[in-house]
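Here is how names work: the chains are called A, B, and so on, in the same order as the sequence lines, proteins then strands, and each is numbered from 1.
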2 protein chains.
Amino acid sequence: MRLTEKKIVEVLRQSGYKITPQRRAILEVITHSQEHLTPSAILEKVNYIHPGIGLVTVYRTLEVLSNLGLICRMHTAEGCHSYKGALQEHHHHLTCTECGRVVEFTNCDLGELEERLSAQTGFNIESHLLEFLGRCRDCQKAVA
Amino acid sequence: MRLTEKKIVEVLRQSGYKITPQRRAILEVITHSQEHLTPSAILEKVNYIHPGIGLVTVYRTLEVLSNLGLICRMHTAEGCHSYKGALQEHHHHLTCTECGRVVEFTNCDLGELEERLSAQTGFNIESHLLEFLGRCRDCQKAVA
DNA sequence: GACCTAAATGAAAAAGTTTTTCACCTACCA
DNA sequence: TGGTAGGTGAAAAACTTTTTCATTTAGGTC
C-alpha cells in the first residue's frame, strides 16, 4: 500500500516537523501522482494549488520526506532527484528504459546472498540497492 | 574481464571515430580505475596524463563511449553521472558507506527473481543494478 | 611526406540544477 | 495570545551539463 497524505502528515508531526500549507501542497502532488517527478515538475504542479511556492521549499521538503522514508528518491536517466510516493514496505523498482514506467516489487530475497558476502568480506551490510531495467510490454510492441 | 583500452580503441576506430590523444587519456583513466568516476573526477585524473583537456571533451567522449556500450553509466545512490569501465563479466559492488572502499563480487543469482518478475510484468528485463552498502571491517573497528 | 576534409577540440558562454545565506514569517505549544 | 523554533522566499552562489564557434588535427588520398 502506498502511503496516504494523511499518514505522511501524521509521521511528519510525530517527527517534530511543522505542517505548513506548502508542505501540504507538495504532499498532495506527490501522493496523487503515479509517476516519478523531478523537483521542477513538482513545483509546476504545486503552483496550481499554491502559487508562489519557491523551488527551494520543494527541495527542502523533498529532502525531509525522503529522509523519513515517506517518499522514494529514484535514480533515472533524467537525473538524480526524481521522487515518487513511497510504499510502506521494503521494495524495489523495475523501470522501462524506453518510457520510464516504473513497476514496484517487494520480495527481493537477498538475505542469503547478503549473509554470504558478509561472511566473505567482513562487511556489516546495512542496505542494498536493487533495480531492474528493461522494456515494458508496450515498448516491446512499439519496436516490433 | 574488463574491456581493455586496446579493445576499446579498436571498436572506436571500426565505428568511424578518430583516436585522439585526449580520447586515449580518458580511456586510460577509465580502464585503469576500479571505481565509478564522475566527469569531474575523470577530468582531474586525465589532467595528470594530458594537461589541458577540457571538461567538455570529457563529456563528449563519455557520451560516445557510453553509446557504444564501451563504458557504463551508473545510476547509483551516490549520483547519476558516474561512469565505469564496462566489464565483460557481470559483477556487482559492495561499498563501504564510511570510507568508500569497494569490493566486487560476481555471483548474484538473480536469475530466478528476474524470471518471476518478467512473467509477472511482461517486461523484457535487460539488466539490473545491485549494490550493497555497509561498513567494512576497518570502519567497524574504528567506531568501536 | 604533403594535402584535404570531416571530425574533434578548447574556450567561453549559456542553460539548468542544487545549495547556501539571510531577513522575515508562522505553526504550534504553553 | 505570545514566544520561539522551525520554515519560507528571494537572491545569489556553487555546480553541472550543453551549446556555440573559431581553430586544430587524425587519418585517408595522392
For the hydrophobic clusters of this structure (ILVMFWY residues joined by side-chain heavy atoms under 4.5 Å, transitively), does one cluster hold both [X] and [Y]?
| X | Y | answer |
| --- | --- | --- |
| B:I49 | B:V56 | no |
| B:I19 | B:L70 | yes |
| A:I125 | B:L110 | yes |

For [X] and [N], what is the distance between atoms [atom1] and [atom2] respectively, to the nearest whole Å?
| X | N | atom1 | atom2 | answer |
| --- | --- | --- | --- | --- |
| A:Y59 | D:dG9 | OH | P | 15 Å |
| A:L55 | D:dG7 | CG | P | 18 Å |
| B:L43 | C:dA11 | CG | C1' | 14 Å |
| A:L62 | C:dT17 | CG | P | 14 Å |

Problem set entry | Among D:dT17, C:dT9, C:dG10, the one nearest B:I53 by side-chain distance | C:dG10
Problem set entry | Positions of residues 13-25 of chain B (non-hydrogen atom under 4.0 Å from DNA chain C), listed by number |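 Only B:Y17, B:K18, B:T20, B:Q22, B:R23 qualify.
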For this session: Could you tell me which non-hydrogen atom of B:V58 sits nearest to which non-hydrogen atom of B:P39, and how far apart they are?
Result: CG1-O, 3.8 Å
For this session: Might you point out which heavy atoms bring B:I26 and B:T57 nearest each other, and give the distance in Å?
Result: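 Looks like CD1-O, 4.1 Å.
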Problem set entry | Flag if over 12 foreign heavy atoms under 6.0 Å of CD, B:E63 |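 No - once you tally the heavy atoms of other residues, nucleotides and ligands closer than 6.0 Å, there are 12 at most.
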Seminar exercise, completed: When A:S40 and A:R60 are each assigned the nearest nucleotide of DNA chain C, the 5'-most assignment goes to A:S40
Seminar exercise, completed: Between A:T57 and B:E63, the residue closer to the 5' end of DNA chain D by nearest nucleotide is A:T57
For this session: Could you walk me through whether A:H93 and A:E104 pass side chain to side chain contact (heavy atoms under 4.5 Å, CB included), step by step?
Result: CA-CA 5 Å; A:H93 300 134; A:E104 287 152 344; 3.6 Å; yes
Seminar exercise, completed: When rounded to the nearest 0.5 Å, the distance separating CG of B:N107 from CG of A:L113 is 8.5 Å
For this session: Just report the end-to-end axis angle for the helix from C:dG1-D:dC30 to C:dA30-D:dT1, five pairs per end, to 10 degrees.
Result: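 About 30°, once rounded to a multiple of 10°.
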